[in-house]
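Single-structure report; data block below.
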Amino acid sequence: MKPTSLLVPSSLLLLSSNLFVSSFVIQLHTSSIIGVSAKSSSTGSSSRSSTRMLEKIYIVTGSTDGIGQHTASNLINTPDAKLLVHGRNPAKVAQTVQQLKSVNPGDIDGVVADLASFQDIRRLAKDLEEKIEAASPDAPVVLINNAGVFETRRKESPEGLEMTFAINVAAPFLLTGLLLPLLRRRKNSRIINISSISQGGSIPWDDLQLALPGAYTDHRAYSLSKLCMAMLSMEQSSRFGSAEFPIVCCDPGTVNTKMLEAGWGMYGVDVSAANDETLLALAPSLDNGSYFVGRMARKANAEAYDPKSRARLWQYLEEVTGFAY
């Protein structure tokens, strides 16, 4: 494939909540970023009212702080966008919505759910679907499965899953599956899953929940979850993705967040420079099944490309969530 690039003025790379994305234009030219298709795509926008055309609806899970909040602040500044902010804490969701509206009084709603709870995720999916359908009958939806955790000690979710696996893997599997019919009905929707360069290299099939004595460490749980997320994204893209409905995953960058501080120390870039998720959300088109690191299409670890391993993980997720796509 001929390498193509997303050429973006430096103003985007320094984007903050007080800068309007509408002040620049994204263009594609031949260059060095692989995995972003050179063709442009229409948005399939629809009329939300007699005076406003809703071009795109963005869902960002885990968007009350860190990279998620920064991504949300970028996306609401795009023309004719609706933003759905998600968090676990109702007060933080309300505060984030208010902060974003104080800078740009755009179309912003908040949704609350604990992604460790399958019951909450099912309620969240219904809430999102109602808000999306009320906003527009056919505007494309961009789902960014941004939420994630790094647990310094082993905990379990209400359903008995190791907490890192529950939130980083099982939650996006279930939420995406519940929203999939809506996403597929809306032309030019897309899904952006979050993996990591810290993804592990193999799956401990006999102890996926790291419950055996001595099996759990915080880094092992996190690395395992991010390998599973790469595998899940590749399997989703294989089963359901297309040029018109790309499903991709990415490493969001080494960014000075609470998670980085807890696991590795603060040696990354400032959150204000964490624009990789934004660029994937705004790119005119993406190559289905891509994995991005530093805005370049790269290879994930080998397990992510093993159809048998991916199918085995898929079956396991169906069993533990009680949900089949």
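These numbers come from the heavy atoms of this one structure, side chains and all, not from hydrogens, waters or symmetry mates. Fair warning: this is a prediction, and the values are worked out from it, not measured in the lab.
Without hydrogens or angle criteria, E162 side chain to Q209 main chain gives no donor-acceptor distance under 3.5 Å. Listed for the S157 side chain is a donor-acceptor partner under 3.5 Å among the backbone atoms of L161.
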ring-ring contact (aromatic ring centres under 6.0 Å, His included) between W314 and F173, worked out: CA-CA 9 Å; W314 191 275; F173 173 84; 5.2 Å; yes

Show your reasoning for whether salt bridge (Lys or Arg N to Asp or Glu O under 4.0 Å) applies to D138 and R186. CA-CA 5 Å; D138 58 2; R186 291 165 177 261; 5.7 Å; no

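A distance of 9.5 Å separates OH of Y58 from OG1 of T278, quoted to the nearest 0.5 Å.
Every residue meeting the side-chain hydrogen bond (donor to acceptor under 3.5 Å, both in side chains) condition with S225, not counting sequence neighbours, appears here in chain and number order: N168. By the salt bridge (Lys or Arg N to Asp or Glu O under 4.0 Å) test, E235 is found to be paired with R239, R310, residues two or more places apart in sequence or in another chain being considered. The side chain to side chain contact (heavy atoms under 4.5 Å, CB included) search around I76 returns L83, N104, I108, not counting sequence neighbours. For R88, there are no salt bridge (Lys or Arg N to Asp or Glu O under 4.0 Å) partners, not counting sequence neighbours. Annotation: salt bridge (Lys or Arg N to Asp or Glu O under 4.0 Å) contacts of R154 (sequence neighbours excluded): E156. Residues satisfying the ring-ring contact (aromatic ring centres under 6.0 Å, His included) test with Y305, not counting sequence neighbours, are none. Partners of D109 by side-chain hydrogen bond (donor to acceptor under 3.5 Å, both in side chains), not counting sequence neighbours, listed by chain and number: K82. Partners of R123 according to the salt bridge (Lys or Arg N to Asp or Glu O under 4.0 Å) rule, which considers only residues two or more places apart in sequence or in another chain, are D120. Taking the side-chain hydrogen bond (donor to acceptor under 3.5 Å, both in side chains) definition, one finds that D65 meets it with K92, K258, sequence neighbours left out.
When the shell of 6.0 Å around CD of E133 is examined, it contains more than 12 heavy atoms from other residues, nucleotides or ligands. Under a cut-off of 6.0 angstrom, the local environment of CD in Q119 is sparse, with at most 12 non-hydrogen atoms contributed by other residues, nucleotides or ligands.
With 3.5 Å as the limit, one finds no donor-acceptor pair spanning the side chains of Q199 and Y222.
Among residues at least two apart or in separate chains, ring-ring contact (aromatic ring centres under 6.0 Å, His included) pairs with a member in residues 227-250 are F240-Y325. Within the structure, no pair that satisfies the salt bridge (charged side-chain N to carboxylate O under 4.0 Å, His left out) test touches residues 312-325, not counting sequence neighbours.
Put simply, L212 and M163 are part of two different groups of oily side chains (I, L, V, M, F, W, Y) that touch within less than 4.5 Å, one to the next.
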Solution key, residues 176-184 side-chain donor-acceptor pairs under 3.5 Å, sequence neighbours excluded:
{"unit_1": "T176", "atom_1": "OG1", "unit_2": "N145", "atom_2": "ND2", "d": "3.1"}
{"unit_1": "T176", "atom_1": "OG1", "unit_2": "P172", "atom_2": "O", "d": "2.7"}

